[in-house]
Amino acid sequence: MNGGDYGFYVWTAYGVSFAGLAAAIVLTVLGRMRAAKALEKLK
């Protein structure tokens, strides 16, 4: 898909946004797993 002169910037912004969202999801899942292990240890 070509957006003319701005296509490069638009797709780059989409890529950066996707990478940021993916990183946030991964960090959230890892933090949740770590917290679950810590809670299990306290039981």
Side-chain angles (χ1 to χ4, degrees):
M1 211 167 144
N2 188 3
D5 295 337
Y6 298 107
F8 171 76
Y9 301 106
V10 170
W11 288 111
T12 302
Y14 282 153
V16 170
S17 297
F18 177 78
L21 286 172
I25 290 169
V26 168
L27 291 174
T28 300
V29 170
L30 291 176
R32 183 182 172 104
M33 288 170 43
R34 190 177 305 129
K37 285 181 185 178
L39 286 174
E40 191 64 34
K41 216 184 261 190
L42 292 174
K43 287 184 179 180

Could you list the cluster mates of V16? Members are the ILVMFWY residues connected by side-chain heavy atoms closer than 4.5 Å, either directly or through other members. none
So which residues get pulled into L21's cluster when ILVMFWY side chains under 4.5 Å apart are joined, directly or through others? none
Under 3.5 Å, which donor-acceptor pairs do the side chains of residues 23-36 form with other protein atoms, sequence neighbours left out?
unit_1: T28; atom_1: OG1; unit_2: A24; atom_2: O; d: 2.7

Applying side-chain contact (heavy atoms from CB on, under 4.5 Å), can you list everything that pairs with F18, at least two apart in sequence or on another chain? none
Please write out which residues are connected to L42 in a hydrophobic cluster, directly or through intermediates, given that two of Ile, Leu, Val, Met, Phe, Trp, Tyr count as joined at side-chain heavy-atom separations below 4.5 angstrom. L39
